[in-house]
Amino acid sequence: MTYHPKSDFMRVMMMRGFLADCTDYQGLDEALVAGVVPAYIGFDATAQSLHVGSLIQIMMLRWLQKCGHKPIVLMGGGTTKVGDPSFRAEERPLLTPAQIDANIAGIRQVFSAYVRFGAGADDALMVNNAEWLDDLNYLDFLRDIGRHFSVNRMLSFESVKSRLDREQSLSFLEFNYMILQAYDFLELYRRYGCQLQMGGSDQWGNIVNGIDLTRRVLDAEIWGLTSPLLTTSDGKKMGKSLSGAVWLNADLLSPYEFWQFWRNTTDADVGRFLKLYTELPVAECDRLGALEGAEINAAKIILANEVTALLHGQAAAEAAEATARAVFERGGVGDDLPTLALSAADLAEGISLAQLVVRSGLAKSGKDAKRLIVEGGLRVNDEPAADPGLVFTESDLAQPLKLTAGRKRHALVTLG
């Protein structure tokens, strides 16, 4: 549908490509114009960090606050104990409470780079749904909340239907997830006046459930808004790279590697990613995205700098660009490359080239490392290396070794 928004937030969502669907465009738009709208997005704590696949949601919360509204970051300390079955082929492995708490502590670090927390009307909140889910009385919950859900309707949701159509098991534990997520919206409305849930388009069914439940129980007017599920132009899921997940926490992925991920963006994605992941004006994003040939590389550097500066700070972005320039233009090693520091004990019996490649993060396994080397995809100090079994000793590391996988992935090996 074509809708011409009046609110700054809806205008940004539409113009920059964040909007897939909304339960009531006009109703939400009018509420956004009338006053401060608290809105939330939920993040399950299944890992120590979020990855790039979550960045579109984080940017939505950032824009919400920049447009004068209140972001609520909901950490799924309770729902992570169940696991979201949406569009998954199998049940998630269950985590212990201690693992979940550790993951939440890691994830918390990212958000302060994007939103401002505090006690003001439009200051962000971070809350944990374990606060209300951990102490639920099962019989009371079934009587007061469960009676509002139709199993027939729940079975019709695409996220459930796709599992059942493929004859894949869906446990009762997972089936409860959508009820718990709906209850989150109800509780957030009760506690914080939250009027909007946002999420990826795969969350549409869960969001609608929460709206229906809150209307039935509290007769409240609330809304849902979804973003498109993002893939790159070559069909790959956003958030993955050749060497694994593109984590947002610096202790899991260095700012240089994060910068390099964006620098390696496919030409066709540059304009779209500039709109979604930076705050450059839309017209400038369109101009940069339309560049061709060698000029598009300048746009990719702008993309990498802008995204890295938002997460890790301007100094980290500048250091990453300087390192990239040293590596690619002058053949140097740079100061900010991912580094594997080995001790004399590590080298007492020597270490093979394949092991170095795995330990430096350029390959996931010894098998992958051997294939990379045998197929001519690895260089040591810019020289081709063809023997996975080549052994390095302490004397070989008197100077740092630079490992290069393909053309764009580098690591240093030093004697620590």
Side-chain angles (χ1 to χ4, degrees), residues 43 46-62 103 105-115 230-234 236-267 269-270 272-280 285 288 296-329 333-341 359-364 402-412:
F43 299 88
T46 51
Q48 297 172 38
S49 169
L50 299 175
H51 61 61
V52 161
S54 297
L55 196 50
I56 188 171
Q57 318 297 333
I58 297 172
M59 288 300 293
M60 289 169 77
L61 291 174
R62 180 176 173 84
N103 288 347
I107 291 169
R108 192 187 307 271
Q109 300 170 24
V110 168
F111 282 95
S112 58
Y114 290 94
V115 295
L230 206 61
T231 57
T232 57
S233 58
D234 53 4
K236 293 177 183 172
K237 190 174 181 181
M238 194 65 180
K240 302 288 184 181
S241 72
L242 290 174
S243 54
V246 182
W247 300 111
L248 301 183
N249 286 39
D251 56 343
L252 293 180
L253 188 79
S254 72
Y256 172 79
E257 291 171 292
F258 183 78
W259 186 95
Q260 195 64 50
F261 170 79
W262 295 99
R263 170 62 182 83
N264 293 338
T265 296
T266 305
D267 292 2
D269 291 324
V270 172
R272 183 168 56 126
F273 286 3
L274 282 164
K275 289 179 192 174
L276 290 170
Y277 299 113
T278 82
E279 294 174 346
L280 293 178
C285 296
L288 290 168
I296 195 71
N297 289 328
K300 293 180 185 181
I301 290 172
I302 292 171
L303 170 66
N305 285 343
E306 292 287 328
V307 181
T308 304
L310 277 176
L311 176 59
H312 295 299
Q314 187 64 41
E318 291 172 0
E321 184 184 356
T323 295
R325 189 172 291 114
V327 170
F328 297 120
E329 294 180 6
V333 295
D335 298 323
D336 198 30
L337 283 182
T339 299
L340 169 65
R359 290 187 60 178
S360 63
L362 295 177
K364 292 182 181 179
K402 184 175 77 166
L403 303 180
T404 302
R407 290 189 303 160
K408 298 180 178 179
R409 293 190 298 132
H410 307 266
L412 287 183

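- Closest non-hydrogen pair, Ile301 versus Glu321, comes out as CG2-OE2, 3.6 Å.
- If you take CG on Leu311 and CH2 on Trp259, they are separated by 15.0 Å, rounding to the nearest 0.5 Å.
- Side chain of Asn249 to backbone of Gly106: a donor-acceptor contact under 3.5 angstrom is found.
- Atom CD of Glu279 is surrounded by more than 12 heavy atoms from other residues, nucleotides or ligands within 6.0 Å.
- Side chains of Arg263 and Gln260 form a contact here, defined as non-hydrogen atoms less than 4.5 Å apart.
- Pairing each heavy atom of Pro255 with each of Thr308, the nearest pair is O-CG2, 4.2 Å.
- In this structure, Ser360 OG and Leu403 CG are separated by 5.0 Å, a value rounded to the nearest 0.5 Å.
- Judged by distance alone, the side chain of Thr266 and the main-chain N or O of Asp269 form no donor-acceptor pair under 3.5 Å.
- Shown here for Phe258 and Val52, the closest heavy-atom pair between the two residues is CE1-CG2, 3.8 Å.
- Atoms CE and OH, on Met59 and Tyr277 in that order, are 9.5 Å from each other to the nearest 0.5 Å.
- When all heavy atoms are compared, the tightest approach of Glu306 to Thr278 is CB-CG2, 3.6 Å.
- Between Thr46 and Asn103 the shortest heavy-atom distance is C-ND2, 3.5 Å.
- Among all heavy-atom pairs drawn from Leu252 and Ser49, the shortest one is CD1-CB, 3.6 Å.
- Considering CG of Leu50 and CD1 of Ile58, their distance stands at 5.0 Å, rounded to 0.5 Å.
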Stepwise side chain to side chain contact (heavy atoms under 4.5 Å, CB included) test for Tyr256 and Thr339
CA-CA 11 Å; Tyr256 172 79; Thr339 299; over 6 Å; no
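- Distance CG/Leu253 to CZ/Phe261: 9.5 Å, rounded to 0.5 Å.
- Put simply, CG on Asn305 and CG on Leu310 are 11.0 Å apart, with the number rounded to the nearest 0.5 Å.
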Start with the C-alpha distance between Asp251 and Trp247, add both sets of side-chain angles, then the distance that settles side chain to side chain contact (heavy atoms under 4.5 Å, CB included), and finish with yes or no.
CA-CA 9 Å; Asp251 56 343; Trp247 300 111; over 6 Å; no
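- Counting heavy atoms from C-beta on, the side chains of Leu230 and Leu276 come closer than 4.5 Å.
- Between Lys300 and the choices Val270, Leu288, Leu274, the side chain to side chain contact (heavy atoms under 4.5 Å, CB included) rule is met once, by Val270.
- Side-chain contact, Ser54 with Gln57: no donor N or O sits under 3.5 Å from an acceptor N or O.
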